[in-house]
Amino acid sequence: MPISQQGTVNTTSLIVPDLYVQIVPPQNLVLNGVPTNIVGVVGTASWGPVDQPTIVATMADYAQSFGPVMPRKYDIGTQVATAVQQGAQNFRCVRVTDGTDTAAYSVVPGCNASFTAMYTGSLGNKITITLATGSQPSTWKLSVLLPGFEPEVYDGLAGNGAAFWNGLAAAVNSGQGPQRGSSLLVVASSGGTTASPAAFSLTLGSTSAGSDGATLVASGQLIGTDLSSRTGMFALRGQGCGLALLADCDDATTWSTQAAFGLQEGIYMILTTPAGDTIANAIATKAQAGLNSYSAKLMFGDWLWWSDQVNLTVRLVSPQGFAAGRLANLSPEQSSLNKPIYGIVGSQRSGAPGSGQNTAYSSADLGVLLAAGVDVICNPQPGGSYWGVRGGHNTSSNPAIDGDDYTRLTNYIAETLAAGMGQYVGQVINSNLFAQIRSTQLSFLNNMLSQGLLGSTDGSVPFSVICDTSNNPSSRTGLGYVQSDAQIQYQAINERFIVNVEGGQTVQVARQTLPTGQVN
């Protein structure tokens, strides 16, 4: 009784009398939508891998991977922290340096054994390493400590001379079994030491201090290179980001590169103009840069005052993290327009806390900015006195595609189809294949409809999918081509709400009596 997968046996050439069981896979592939809440952030940090995307969900995760929030330009932590306050909880962080970063390093007193921080950065200078008497007779215990990190303790280190130091280095670098893995903080070297072990306590960096390599970082390092070993922004390729930003990157010469990257990867890039920018300069700079793409959102350089709870100060930060975090916490059919943003205590235009300054945007100001494809975070909003994104637009000049919702919903649908429909490649072209392709896409779109991501004002079905002989003639299928054509109508965003009120002593009110007798 052979059991096989359908398609692996030629059922027209069977000879032996027997029962043949074939496993038939489901005829219709089910598509599950890709995540839309992943935010890519590129910038500097005081710890962590360089040019390697790292998953971060919370600020505790961030501290473990990259150290504390640093009160300086281009800091990853600042953007992650402001985005987290909006509900974002799925990040891919890429640390960049100017090439001068170093790892903290110390030699053990009285011998050649040494310890080097696992990563470059100033955070390594806070690591303390202690060798003391072990819990068992004639043994030693090595402790590696860094505030905010889990203590690493290597107990039961035995031996003398070179054997001891080689064993210590092996324990730190390879671990002592399943309960005590290798160090996540330091790398140890025996240095050929033959001296007898003696108790010591040292702070890493006493021989050579660690440095962040952040002083000379500029837009070039943030953009990076798209070579075999990708750096900077290009390290985010294939990470599934729905949104991304280069922390505090206000260099207009990078905008077109960022927009092109967003188009290639299906990422909504959040850009910013320089702090303290003027409306006229922002508009002129955007036009000169030739930025006109639905893949990028340009925030006006009215930077925001934010209470930094790590460094206990109120400081001016880019609007990128706030905007990206707000969008990440919205379904893709939604706009950032008129959605509350949290954690802002002022802006350059409205003034710092306690300054007494309170300058709001006029309708004329907003009209000029939004018409030019430049968005802004301000207070008040149409819904009340709270901070929020005032336009909900990308940088495209085409009113049919200039909304946040167009960018994110288009990217979501395209990325989902790209992730799931490839299984049909290599299949035999016939009517069954056409039906399966069409059914798969319709099932996905119906799921979107039932969840409110799609809809229509008159209740009609807002999509159609064609995959049959009408768009797949034999002259094309004979060459191995199959084409599926989908039309999807998105829901519009209520941006201009008009309420007409007619009042006065002479107004004649028309009332309609409903069939049940109630007056409307």
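Residue numbers run from 1 in the order of the sequence given.
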Undergrad: Output, in order, the C-alpha distance, side-chain angles, deciding distance and verdict of side chain to side chain contact (heavy atoms under 4.5 Å, CB included) for I76 and Y62.
TA: CA-CA 9 Å; I76 300 175; Y62 178 82; 3.6 Å; yes

Undergrad: Considering all heavy atoms of both residues, which atom of G301 and which atom of T273 are nearest to each other, and what is their separation?
TA: N-OG1, 2.5 Å

Undergrad: If we ignore angles and hydrogens, is there a donor and acceptor under 3.5 Å between the side chains of N398 and S396?
TA: no

Undergrad: Looking at side-chain heavy atoms only, is the closest gap between L433 and N430 below 4.5 Å?
TA: yes

Undergrad: Distance-only, no hydrogens or angles: does the Q491 side chain make a donor-acceptor pair with backbone N or O of L453 under 3.5 Å?
TA: yes

Undergrad: Can you tell me if T278 and N281 form a side-chain donor-acceptor pair at under 3.5 Å?
TA: no

Undergrad: Which residues satisfy the salt bridge (charged side-chain N to carboxylate O under 4.0 Å, His left out) test with D404, sequence neighbours excluded?
TA: K297

Undergrad: Quick one: closest heavy-atom pair of C241 and L236, and the distance?
TA: SG-CD2, 4.2 Å

Undergrad: Before accepting this row, confirm whether a basic side-chain N of the pair D365/R349 lies closer than 4.0 Å to the acidic partner's carboxylate O.
TA: yes

Undergrad: Is the backbone N or O of S460 less than 3.5 Å from a side-chain atom of S456, with the two atoms forming a donor-acceptor pair by type?
TA: yes

Undergrad: Quick one, S65 with T54, criterion side-chain hydrogen bond (donor to acceptor under 3.5 Å, both in side chains). Give me CA distance, side-chain angles, the key distance, then yes/no.
TA: CA-CA 8 Å; S65 298; T54 301; 5.8 Å; no

Undergrad: Taking the side chain as every heavy atom from C-beta outward, state whether V69 and D75 have any pair of such atoms under 4.5 Å apart.
TA: yes

Undergrad: Please tell me whether N311 and T313 have a donor and an acceptor in their side chains that are separated by less than 3.5 angstrom.
TA: no

Undergrad: Over all heavy atoms of both residues, which pair between I270 and A323 is shortest? Give the atoms and the distance, please.
TA: CG2-CB, 4.2 Å

Undergrad: I'd like to know if the side chain of Q221 and the backbone of A218 have a donor-acceptor N/O pair within less than 3.5 Å.
TA: yes

Undergrad: How long is the straight-line distance from OH of Y424 back to SG of C467, given to the nearest 0.5 Å?
TA: 9.5 Å

Undergrad: Applying side chain to side chain contact (heavy atoms under 4.5 Å, CB included), run through T97 and D212 and close with a yes or a no.
TA: CA-CA 7 Å; T97 73; D212 298 344; over 6 Å; no

Undergrad: Under 4.0 Å between a Lys/Arg side-chain N and an Asp/Glu carboxylate O for D226 and R237?
TA: yes

Undergrad: Roughly how far, to the nearest 0.5 Å, is CG of N494 from OG of S335?
TA: 10.5 Å

Undergrad: Rounded to the nearest 0.5 Å, what separates atom CD in E265 from atom CE in M233?
TA: 9.5 Å

Undergrad: Of the non-hydrogen atoms in N37 and A328, which two are nearest, and what is the gap between them?
TA: CB-O, 3.4 Å

Undergrad: Would D251 and S219 satisfy side-chain hydrogen bond (donor to acceptor under 3.5 Å, both in side chains), going step by step from the backbone distance to the final call?
TA: CA-CA 7 Å; D251 182 356; S219 59; 2.7 Å; yes

Undergrad: Answer yes if the side chains of Q85 and W306 hold a donor-acceptor pair under 3.5 Å, and no otherwise.
TA: yes

Undergrad: Does the side chain of R315 come under 3.5 Å of the side chain of T78 through a donor N or O and an acceptor N or O?
TA: yes

Undergrad: Looking at side-chain heavy atoms only, is the closest gap between I283 and K286 below 4.5 Å?
TA: no

Undergrad: Using the benzene-type ring in the case of Trp, are the ring centres of W47 and Y119 under 6.0 Å apart?
TA: yes

Undergrad: Which distance, rounded to the nearest 0.5 Å, do you find between the CG of D405 and the CD of Q334?
TA: 8.5 Å

Undergrad: Quick one: does Q320's side chain have a donor or acceptor within less than 3.5 Å of a partner on L246's backbone?
TA: yes

Undergrad: Keeping the roles fixed (side chain from N411, backbone from T407), state whether a donor-acceptor pair exists under 3.5 Å.
TA: yes

Undergrad: To the nearest 0.5 Å, what is the distance between CG on N292 and OG on S256?
TA: 12.0 Å

Undergrad: Under 3.5 Å, side chain of T82 to main-chain N/O of Q79, donor-acceptor pair present?
TA: yes

Undergrad: I'd like to know if the side chain of K339 reaches the main chain of L337, judged simply by a donor and an acceptor atom lying under 3.5 Å from each other, with no hydrogens or angles considered.
TA: yes

Undergrad: Check whether any side-chain heavy atom of T44 sits under 4.5 Å from a side-chain heavy atom of R72, and report yes or no.
TA: yes

Undergrad: Given the rule in the side-chain hydrogen bond (donor to acceptor under 3.5 Å, both in side chains) test, do S443 and Q441 qualify, once you have shown the distances and angles that lead to the verdict?
TA: CA-CA 5 Å; S443 175; Q441 293 186 63; over 6 Å; no

Undergrad: So do V501 and V499 actually touch side chain to side chain, heavy atoms under 4.5 Å?
TA: yes

Undergrad: Report yes or no: do T477 and N472 form a side-chain donor-acceptor pair below 3.5 Å?
TA: no

Undergrad: Verify side-chain hydrogen bond (donor to acceptor under 3.5 Å, both in side chains) between W387 and Q381, making sure each step is shown before the conclusion.
TA: CA-CA 7 Å; W387 293 92; Q381 292 287 304; over 6 Å; no

Undergrad: Ignoring hydrogens, what is the shortest heavy-atom contact between I401 and Y294? Give both atom names and the distance.
TA: O-CB, 3.7 Å

Undergrad: Are the side chain of T272 and the backbone of S318 linked by a donor-acceptor contact shorter than 3.5 Å?
TA: no

Undergrad: Check whether any side-chain N or O of Q487 sits under 3.5 Å from a backbone N or O of P462 as a donor-acceptor pair, and report yes or no.
TA: no

Undergrad: Could you tell me if the side chain of D308 sits less than 4.5 Å from the side chain of V314, heavy atoms only?
TA: no

Undergrad: How about F463 and L449: do any of their side-chain heavy atoms sit closer than 4.5 Å?
TA: yes

Undergrad: Does CG in N32 sit with more than 12 non-hydrogen atoms of other residues, nucleotides or ligands closer than 6.0 Å?
TA: no

Undergrad: Heavy atoms only: give me the nearest L330-S336 pair and the separation to one decimal.
TA: CD1-CA, 4.0 Å

Undergrad: Ignoring hydrogens and geometry, is there a side-chain-to-backbone donor-acceptor pair from R438 to I466 under 3.5 Å?
TA: no

Undergrad: Between S293 and T395, do the side chains contain an N or O donor and an N or O acceptor separated by less than 3.5 Å?
TA: no

Undergrad: Would you please say whether a donor-acceptor pair under 3.5 Å links the side chains of Y268 and N394?
TA: no

Undergrad: For the pair V482 and R476, evaluate side chain to side chain contact (heavy atoms under 4.5 Å, CB included) and give the outcome as yes or no after the intermediate values.
TA: CA-CA 7 Å; V482 172; R476 291 270 291 170; over 6 Å; no

Undergrad: Taking it one step at a time, do Y74 and V42 satisfy side chain to side chain contact (heavy atoms under 4.5 Å, CB included)?
TA: CA-CA 8 Å; Y74 306 130; V42 181; over 6 Å; no

Undergrad: With D250, which residues qualify under salt bridge (charged side-chain N to carboxylate O under 4.0 Å, His left out), at least two apart?
TA: K73

Undergrad: Any luck finding a side-chain donor-acceptor pair between S350 and S347 under 3.5 Å?
TA: yes

Undergrad: Roughly how far, to the nearest 0.5 Å, is the CG atom of L245 from the CE atom of M299?
TA: 11.5 Å

Undergrad: Measuring only between side-chain heavy atoms, which start at C-beta, is Q258 closer than 4.5 Å to L271?
TA: yes

Undergrad: Do T410 and Y490 get their side chains close enough for a donor-acceptor pair, meaning under 3.5 Å?
TA: yes

Undergrad: Looking just at side-chain N and O atoms, do N338 and Y386 make a donor-acceptor pair shorter than 3.5 Å?
TA: yes

Undergrad: Just checking Q22: does its CD atom have more than 12 heavy atoms from other residues, nucleotides or ligands closer to it than 6.0 angstrom?
TA: yes

